[in-house]
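Down below is the structure, laid out as structure tokens.
This one's a predicted model, so the numbers in the text were calculated from it and none came from an experiment. Just so it is clear, the values below take in all heavy atoms, side chains as well, and ignore hydrogens, waters and symmetry mates.
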Amino acid sequence: MRHRRRGRVLGRNSPHRKALYRNLVTALILTEREKSELESNHPKVAGRIVTTVEKAKEVRPMVERCITIAKKGVLAEEAAETYATSADRGSEAWKAWRSGPQWSQWVAARAPAVTARRRLYSMLGSKQAVRILFDTIAPRFSDRDGGYTRIVRLAKPRLGDGGTRAIIEFVGNNDRKKSARKAERPSFEETSQMTVTMGDGN
């Protein structure tokens, strides 16, 4: 019995399960990459993958954690920009900045961002996914405190074993938009005039 044991086993041992989660999270993040002419298997819809409900529920906390780490790293990079220099590398102005006190302040301010990138790389194992997290996904959710993904069940089950399929996607990409035009309601004045005219005819 698995009393007080958190999480699903999914019929896999621990290393296989961790690799599965890492691959699913990386696949979801890589759907946000820019479309390339050389790439033949580009995703149809950005920010969305199809998997089973159980896998989606297990992967969702890991995706949220990665985005939170990336957001903290982006904030650190923005704070470090105040101590950065715009001089070209190797120039006299850059050498003066490199030997001055601003360089040590820049390094100290940027240290959390470097730590965040290294931590995400250890979790995902993909430099491209880390780059997309920092450049695209984290700035998009800068004003949102959690809840970056949603899970939507699909009606059609998986062929073969009949497993319940689901979509896990980033919030904001494929949101339903309410139409600005509202349905016109009939006014009571028009209805009362119609009843009066119909009563006069009888």
Side-chain angles (χ1 to χ4, degrees), residues 6-7 18 20-36 39 41-51 53 55-89 94 97-98 101-154 166-180:
R6 183 174 172 274
K18 289 177 182 177
L20 170 71
Y21 295 162
R22 182 188 303 129
N23 291 339
L24 285 173
V25 174
T26 304
L28 178 61
I29 294 169
L30 289 180
T31 58
E32 293 283 343
R33 65 186 181 273
E34 295 181 1
K35 191 172 183 179
S36 174
E39 194 174 12
N41 62 341
H42 193 79
K44 295 179 182 178
V45 181
R48 172 190 289 181
I49 61 171
V50 180
T51 181
V53 174
K55 290 177 185 175
K57 286 183 178 180
E58 290 296 317
V59 164
R60 187 177 187 179
M62 189 173 175
V63 177
E64 306 264 342
R65 196 179 311 124
C66 289
I67 296 174
T68 303
I69 294 169
K71 282 174 62 176
K72 292 178 180 177
V74 168
L75 290 175
E77 287 182 347
E78 291 174 356
E81 285 297 319
T82 57
Y83 305 108
T85 180
S86 58
D88 294 334
R89 188 180 180 90
W94 183 85
W97 170 80
R98 180 72 170 76
Q102 277 198 331
W103 180 79
S104 58
Q105 293 173 344
W106 176 78
V107 170
R110 200 172 180 277
V114 176
T115 304
R117 285 182 183 269
R118 288 175 177 172
R119 187 177 173 193
L120 287 172
Y121 181 72
S122 67
M123 291 172 66
L124 303 176
S126 171
K127 291 183 179 179
Q128 186 181 7
V130 175
R131 197 178 307 117
I132 292 171
L133 272 172
F134 269 75
D135 297 344
T136 307
I137 299 175
R140 185 193 307 165
F141 296 120
S142 59
D143 299 332
R144 191 180 183 95
D145 297 330
Y148 312 115
T149 56
R150 73 165 67 91
I151 297 173
V152 182
R153 289 176 183 247
L154 296 178
I167 291 172
I168 179 169
E169 63 183 0
F170 292 117
V171 172
N173 277 11
N174 309 298
D175 290 350
R176 295 179 181 175
K177 296 180 181 178
K178 294 182 179 179
S179 60

Starting from the C-alpha separation in whole Å, work towards a yes-or-no answer on side chain to side chain donor-acceptor pair (under 3.5 Å) for T85 and Q102.
-> CA-CA 9 Å; T85 180; Q102 277 198 331; over 6 Å; no

Test salt bridge (charged side-chain N to carboxylate O under 4.0 Å, His left out) applied to E78 and R110, step by step | CA-CA 9 Å; E78 291 174 356; R110 200 172 180 277; over 6 Å; no

Taking the side chain as C-beta and beyond, is there a heavy-atom pair between [X] and [Y] under 4.5 Å?
| X | Y | answer |
| --- | --- | --- |
| T31 | R48 | no |
| Y83 | V107 | no |
| L133 | C66 | yes |
| T51 | V59 | no |
| I167 | I151 | no |
| R22 | S126 | no |

Stepwise, does the side chain to side chain contact (heavy atoms under 4.5 Å, CB included) test hold for E77 with R117?
-> CA-CA 11 Å; E77 287 182 347; R117 285 182 183 269; 3.1 Å; yes

What's the shortest heavy-atom distance between [X] and [Y], and which atoms?
| X | Y | result |
| --- | --- | --- |
| R150 | V171 | NH2-CG1, 3.8 Å |
| A76 | A113 | CB-N, 3.7 Å |
| A116 | G73 | CB-CA, 4.0 Å |
| V53 | A166 | CG2-CB, 3.7 Å |
| P139 | S142 | O-OG, 3.2 Å |
| I49 | L24 | CD1-O, 3.7 Å |

I'd like to know if the side chain of [X] and the backbone of [Y] have a donor-acceptor N/O pair within less than 3.5 Å.
| X | Y | value |
| --- | --- | --- |
| K71 | R144 | yes |
| T26 | N23 | no |
| E64 | G146 | no |

CA sep, side-chain torsions, deciding dist, call: D88, W94, side chain to side chain contact (heavy atoms under 4.5 Å, CB included) | CA-CA 6 Å; D88 294 334; W94 183 85; over 6 Å; no

Would you please name every residue forming a ring-ring contact (aromatic ring centres under 6.0 Å, His included) with F134, sequence neighbours left out?
-> none

Residue pair T149, E169: steps toward the side chain to side chain contact (heavy atoms under 4.5 Å, CB included) verdict | CA-CA 5 Å; T149 56; E169 63 183 0; over 6 Å; no

Take the angle between the ring planes of Y148 and F141 and call it parallel below 30°, perpendicular above 60°, tilted in between.
-> tilted

I67, I69, T68 screened by side-chain contact (heavy atoms from CB on, under 4.5 Å) with R65, the one that passes | I69

Test: R140 and E32 ion pair at under 4.0 Å |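 Yes, charged N to carboxylate O under 4.0 Å.
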
Does atom CZ of R119 have more than 12 heavy-atom neighbours, drawn from other residues, nucleotides or ligands, at distances under 6.0 Å?
-> no

Enter the distance from I168:CD1 to K55:NZ here, rounded to the nearest 0.5 Å.
->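 Here the interatomic distance stands at 12.5 Å.
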
Nearest 0.5 Å please: distance from the OH atom of Y121 over to the NZ atom of K127.
->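 Between Y121 OH and K127 NZ, I get 5.5 Å after rounding to 0.5 Å.
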
